[in-house]
Amino acid sequence: MTLSSVSDIDASQPKHLADKYAIAGIGETAYLRGSNRTTRSMATEAISKAMADAGMKASDVDGMLSYSSGDSTFSPFIAGDLGIRLNFYMDVFGGGSSTEALIGIAIGVIEAGMCKTVAIFRSMNGFSQVRIGGTGARSAVPVKGDEMHSRAYGWQAAGQMFAPTFMRHMYDYGTTPEQVAMVKVTHSQHAARNPKAYYKTPVTVDDVLSSRFIVKPLHLLDCCVETDNANCLIITRAERARDHADRPQALIRSVVGRACKPRIDMHYQHGPISTVAGHYAKEILWPNAGLGPEDVDVTGAYDAFTFTSMLQLEDYGFCKKGEGGDYVSNGTIRLGGKRPNNTAGGHLCEGYTHGINMVIENVRQLRGEVDDTCPIGPDGKRIHTHDYSDSGTCRAVKDVNVTANLGWAMPGTGSAMVMVKG
Amino acid sequence: MSEYLKPLPEPSIDSQPFWDGLKEGRLLLQTCSDCGTVRHYPRPMCEKCQSMECHWTEATGRGQLYTWTETHHPFHFGFKGELPYILATVELDEGVRIQTQLLGGAKVGDLRVGTPIEVVLDRATDEWVLPYVRLVK
């Protein structure tokens with residue numbers, strides 16, 4: 001079967017919204033395994049914190065977006081609890097790659113005059129209720145629709161569905177488990193400087209390779225953590241963000257949402273499965289941003305598994321096709337390297353949020369407001385040492401002007417965003 | 001027959017002939033009646049020519065390995081007794097790929113992209129026959 005004809009993507013859409021919108025507020029709960037809280041409770045906390053961060057009160061927020069897989073609480077309940085009267089809301093189905101897509105939707109509805117400021121949240125008990133790894137209650141649901149062409153034979157969890165892509169990448173390009181293990185190693189070193197990370201202990205390549213197989217070639221430590229948490233981003237026009245808070249703003253330069261490979265219901269049917277959605281998404285992301293991968297200071301490449309970061313960094317053009325294994329293992333992605341990835345520890349170490357905490361971290365980096373383990377000065381702020389050696393305490397990257405988030409739903413679907421400091 | 005603990009398909013109007021074929025011992029592939037394109041899994045429209053007319057043709061049951069993994073973790077209790085098991089994506093000679101389990105005690109270390117396979121039909125319950133693959137002997 002031949003690949004559908006999608007080579008002529010029009011990436012010439014107007015760029016006049018670049019830098020016109022900002023992530024004005026960020027909020028997060030603790031990252032826990034066993035929150036003993038409802039998703040409603042966690043969502044209200046995260047949004048309340050994001051509003052405080054943005055310098056906004058309930059009457060300043062009139063839009064709400066959330067995403068879930070039926071494992072969260074819908075916006076009408078959350079808004080009511082916060083005293084927010086909504087002019088717009090929508091709760092969409094989906095997990096990874098929703099964050100950047102919803103940011104684009106928020107810009108669109110504000111631009112259409114439907115509301116002025118949108119709170120985007122994801123609240124989930126990904127460990128204690130609906131386990132994201134696909135065990136427990138999530139595995140026992142009845143086979144429905146066209147899942148019957150995989151589940152009956154034992155295909156169902158994310159690791160089982162994604163690992164064949166990695167397997168084929170190893171085969172086609174010689175990528176090794178040792179190389180992708182460096183993603184976990186690096187993120188664990190980053191998480192060691194993040195007081196909020198769930199896993200703060202650095203690990204080694206040997207630790208990853210000697211952990212038990214989950215889905216060969218994936219080891220336990222190639223897989224992300226399952227946690228309970230809520231995160232929020234507040235999106236509004238840049239001038240409104242500045243009116244409410246006097247600080248460097250994280251401006252949205254370019255966004256692409258849920259860009260797809262052909263036939264994503266069965267992407268492995270079509271063309272090389274070692275290529276992922278970023279191959280297409282990059283044709284929108286970079287032209288609209290007016291810059292390219294070489295201009296990016298910090299990345300947030302979705303690490304549901306070690307190899308998902310690698311596949312995305314490669315297909316978004318941070319290295320040549322087939323060289324992702326080298327890119328993630330040659331020092332580039334670690335703090336102190338040329339372009340650190342997931343400086344808070346990502347899904348492998350900080351906590352699993354379906355992508356939104358990686359955007360929060362890049363906002364912090366752009367603002368210069370990273371909360372690491374550096375000493376606190378007389379003004380109550382961290383004195384960043386920029387010491388990234390093994391004994392260092394810093395995870396604030398020096399002079400961050402451009403960040404990129406690469407969101408992953410599955411090999412066939414991805415979202416992405418470029419932010420700039422402004 | 002002992003209790004069957006694995007998930008079982010719920011056929012749709014689009015896929016019913018595929019499952020009926022398995023019960024008769026045949027692996028049927030949906031074929032566009034207008035342009036002849038073979039497609040799998042069963043679905044209402046030909047993505048090449050958008051025809052909704054189709055017929056079913058019997059596959060040779062031969063193909064090649066495209067990729068594979070080996071599951072070591074019991075995601076579903078029904079598969080616990082089979083761990084570890086190999087999941088294979090297979091390119092059939094008809095040009096479509098199927099996802100299933102590789103049976104027959106193959107070792108992952110022996111597998112290569114392009115390794116020849118054949119489809120084997122296995123009776124799951126009184127009602128259900130499911131398609132698997134094994135290495136060509």
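Chain A is the first sequence line, chain B the second, and so forth, proteins listed ahead of strands; every chain is numbered from 1. What you see is a predicted model; the values in this text were computed from it and never measured. Note: hydrogens, waters and symmetry copies are ignored here, and every other heavy atom, side chains too, is used.
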Closest contact, heavy atoms only, B:Tyr132 versus A:Ala152: OH-O, 4.1 Å
List the atom of B:Thr89, the atom of A:Trp155, and the distance in Å for their closest heavy-atom pair. OG1-CH2, 3.5 Å
Got a second to check how far B:His73's NE2 is from A:Cys223's SG, nearest 0.5 Å? 9.0 Å
For B:Lys80, look at atom NZ and say whether over 12 heavy atoms of other residues, nucleotides or ligands are found less than 6.0 Å away. no
Could you look at A:Met161 and say if it's the side chain, the backbone, both or neither that has a heavy atom under 4.5 Å from chain B? side chain
Quick one, A:Arg151 with B:His76, criterion side-chain contact (heavy atoms from CB on, under 4.5 Å). Give me CA distance, side-chain angles, the key distance, then yes/no. CA-CA 10 Å; A:Arg151 282 207 37 209; B:His76 188 284; 4.3 Å; yes
For A:Leu220, is it the side chain, the backbone, both or neither that has a heavy atom under 4.5 Å from a heavy atom of chain B? neither
How long is the straight-line distance from OH of B:Tyr85 back to CD of A:Gln160, given to the nearest 0.5 Å? 4.5 Å
Which region of B:Pro131, side chain (C-beta onward) or backbone (N, CA, C, O), has a non-hydrogen atom less than 4.5 Å from a non-hydrogen atom of chain A, or is it both or neither? both
Could you check which of B:Glu82, B:Arg112, B:Arg97 has the highest count of heavy-atom pairs closer than 4.5 Å to chain A? B:Arg97
B:Glu53 atom CD: more than 12 heavy-atom contacts under 6.0 Å: no
To the nearest 0.5 Å, atom CZ of A:Arg212 lies from atom NE2 of B:His72 at 10.5 Å
Turns out that what part of A:Tyr171 lies under 4.5 Å from chain B's heavy atoms comes down to side chain
Distance, nearest 0.5 Å, that separates CD of B:Glu70 from CE of A:Met167: 10.0 Å
B:Leu87 versus A:Tyr153, closest heavy-atom pair with distance: CD2-O, 3.4 Å
Using ring pair (Phe, Tyr, Trp, His ring centres under 6.0 Å), reason through A:His149 and B:Phe18 one step at a time and then give a plain yes or no. CA-CA 11 Å; A:His149 298 287; B:Phe18 174 78; 5.5 Å; yes
Please classify the contact of B:Trp128 with chain A as side chain, backbone, both or neither, using a heavy-atom distance under 4.5 Å. neither
Taking all non-hydrogen atoms of both residues into account, name the closest pair between A:Arg168 and B:Val113 and its distance. NH1-CG1, 3.3 Å
Quick one: of B:Thr71, B:Thr100, B:Ile98, who has the most non-hydrogen atom pairs under 4.5 Å with chain A? B:Thr100
List the atom of A:Pro164, the atom of B:Thr69, and the distance in Å for their closest heavy-atom pair. N-CG2, 3.5 Å
